[in-house]
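Down below is the structure, laid out as structure tokens.
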Amino acid sequence: MTFQEGGSFGGGRVRKGGGGKAVAGGGAVGLLVLVIYLFTGADLSGVTGAGGGEPQVEGTVGECTAEQANTDRECRLSGTIDSLDTYWGAAIPAAGGQFSEPGVFAFTDTVSTACGNATSATGPFYCPPDTTIYLDLTFFDQLTQLGAEDGPLAEQYVIAHEYGHHIQNITGVMDEANRQGTGAESDSVRVELQADCYAGMWAGTAATTVDPDTGVAYLDPITPAQLQNALAAAAAVGDDNIQEQSGGGVNPDSWTHGSSEQRQRWFTTGYEQRTLEACDTFATDQL
């Protein structure tokens, strides 16, 4: 997905930094707390003493042109977040809700969050207690190892998915869902598939969403090849594909994110239908 010529994105929106200071409980405990929180919604940081630390901020991503965003990952992250801010800043109020922007932190190696400590191996995630998206940009190199095709829209899909979790947080879905269960029909899977659908909603409108600061649409129309890159990324992070890549058998009872087919299908649903109602994964028996 190519940022449209003439676009530009102001700096300061995306923070970045190196490893956060170790918090009580140590890195291993902090990572365990984070994994438990992300997969179940259970916050154990108060029990273990892990979590609650502040990331070590070294600066912010500066102002970027559209041309820079098409070639530089930090600028692409900044431009994508700018586009997501504009899209959801209009969509949520139009649906009668109150919108607030998430924090965004691009870290290197390790980071301390309100959900616990994380490393690059954790992958991108959204932490509801501090309403912040965390990601190490080197994660996108690992996507290809899982079978994804390299391309900007594949990266933007991941960013938009995590932003979708923020939308779920401010609309109450995170609180209402039972994220302690696993399985192909579990609330955990429904939460993830809805975030995929929300990512599709953004992608389906990004070429017509105009940056209010420049008067230029954020992105050029998506090509079939670019759309395939996003779908390949969705398939790469399917529970069944990850289980197969790890050398084990596929076990739907342990799923927390959904199959490759489901993730592709719900992204496509959002991309084509572009409504919050179409993305209500909790209202269907056909995940």
Side-chain angles (χ1 to χ4, degrees), residues 27-45 47-48 50-51 113 115-129 133-136 139-140 142-148 154 157-158 160-162 164-165 168-169 173-200 230-270 279-287:
V29 174
L31 179 57
L32 177 60
V33 169
L34 176 67
V35 170
I36 292 173
Y37 185 88
L38 294 178
F39 287 155
T40 70
D43 185 0
L44 302 184
S45 59
V47 177
T48 63
T113 83
C115 293
N117 295 338
T119 71
S120 299
T122 308
F125 64 94
Y126 172 74
C127 178
I133 297 167
Y134 294 92
L135 71 166
D136 185 328
F139 167 79
F140 297 126
Q142 301 172 31
L143 270 179
T144 57
Q145 299 175 17
L146 292 172
Y157 152 73
V158 174
H161 172 93
E162 298 306 331
H165 286 317
Q168 292 172 318
N169 192 29
V173 172
M174 285 286 193
D175 291 333
E176 295 170 4
N178 175 15
R179 292 185 289 137
Q180 298 186 32
T182 62
E185 301 292 328
S186 66
D187 278 8
S188 299
V189 168
R190 293 175 191 273
V191 164
E192 297 300 330
L193 295 180
Q194 186 175 65
D196 282 336
C197 194
Y198 287 170
L231 291 172
V237 291
D239 282 323
D240 52 345
N241 182 61
I242 292 175
Q243 288 176 340
E244 289 175 350
Q245 294 290 331
S246 67
V250 175
N251 178 16
D253 290 337
S254 66
W255 288 359
T256 57
H257 286 64
S259 69
S260 295
E261 186 276 332
Q262 287 175 315
R263 303 199 69 167
Q264 288 182 314
R265 179 157 44 82
W266 280 100
F267 175 87
T268 302
T269 295
C279 291
D280 190 353
T281 54
F282 295 87
T284 179
D285 294 328
Q286 301 296 321
L287 285 180

* **Derivation and outcome, side chain to side chain donor-acceptor pair (under 3.5 Å), residues S260 and D240** => CA-CA 7 Å; S260 295; D240 52 345; 3.1 Å; yes

* Go through the steps to decide whether T182 and D253 satisfy the test side-chain contact (heavy atoms from CB on, under 4.5 Å), and finish with yes or no. => CA-CA 6 Å; T182 62; D253 290 337; 5.7 Å; no

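- The two residues V158 and P124 have their closest heavy-atom pair at CG1-CG, 3.7 Å.
- Panel note: side chain D136, backbone S120; no donor-acceptor pair is recorded below 3.5 Å.
- Shortest non-hydrogen contact noted between R263 and Y157 is NH2-OH, 3.5 Å.
- Here CG of N169 is found 3.5 Å from OH of Y126. Values are rounded to the nearest 0.5 Å.
- A donor-acceptor pair under 3.5 Å is formed between the side chain of S188 and the backbone N or O of R179.
- With hydrogens and angles left out, the side-chain atoms of S254 and Q243 include a donor and acceptor closer than 3.5 Å.
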* Show the numbers, then the answer: is there a side-chain contact (heavy atoms from CB on, under 4.5 Å) between F125 and I133? => CA-CA 6 Å; F125 64 94; I133 297 167; over 6 Å; no

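- Using a 4.5 Å heavy-atom threshold, the side chains of V191 and Q168 count as touching.
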* To do: I would like to know whether H161 and E192 meet side chain to side chain donor-acceptor pair (under 3.5 Å); could you show each step before the answer?
  => CA-CA 8 Å; H161 172 93; E192 297 300 330; 2.9 Å; yes

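- Counting heavy atoms from C-beta on, the side chains of V250 and W255 come closer than 4.5 Å.
- Within the 4.5 Å cutoff, side-chain heavy atoms of L135 are placed close to those of F140.
- Between T256 and D239, some side-chain heavy-atom pair lies under the 4.5 Å cut-off.
- The shortest side-chain heavy-atom distance between R190 and T284 falls under the 4.5 Å cut-off.
- Expressed to the nearest 0.5 Å, how far CG of D196 lies from CG of L231 amounts to 10.5 Å.
- Residues A154 and A233 approach most closely at CB-CB, 3.9 Å, considering heavy atoms.
- By the 4.5 Å heavy-atom criterion applied to side chains, V173 and F282 are counted as neighbours.
- Using a distance-only test at 3.5 Å, with no hydrogens or angles considered, a donor-acceptor pair links the side chain of T268 to the main chain of Q264.
- In this structure the side chain of H165 never reaches within 4.5 angstrom of the side chain of P128, judged on heavy atoms.
- Closest non-hydrogen pair, E185 versus L287, comes out as OE1-CD1, 3.8 Å.
- Across every non-hydrogen atom of A199 and A160, the tightest pair is CB-CB, 3.7 Å.
- Closest approach of A236 and N241 over heavy atoms only: O-ND2, 2.9 Å.
- Using a 4.5 Å cut-off on side-chain heavy atoms (C-beta onward), Y134 and C127 make contact.
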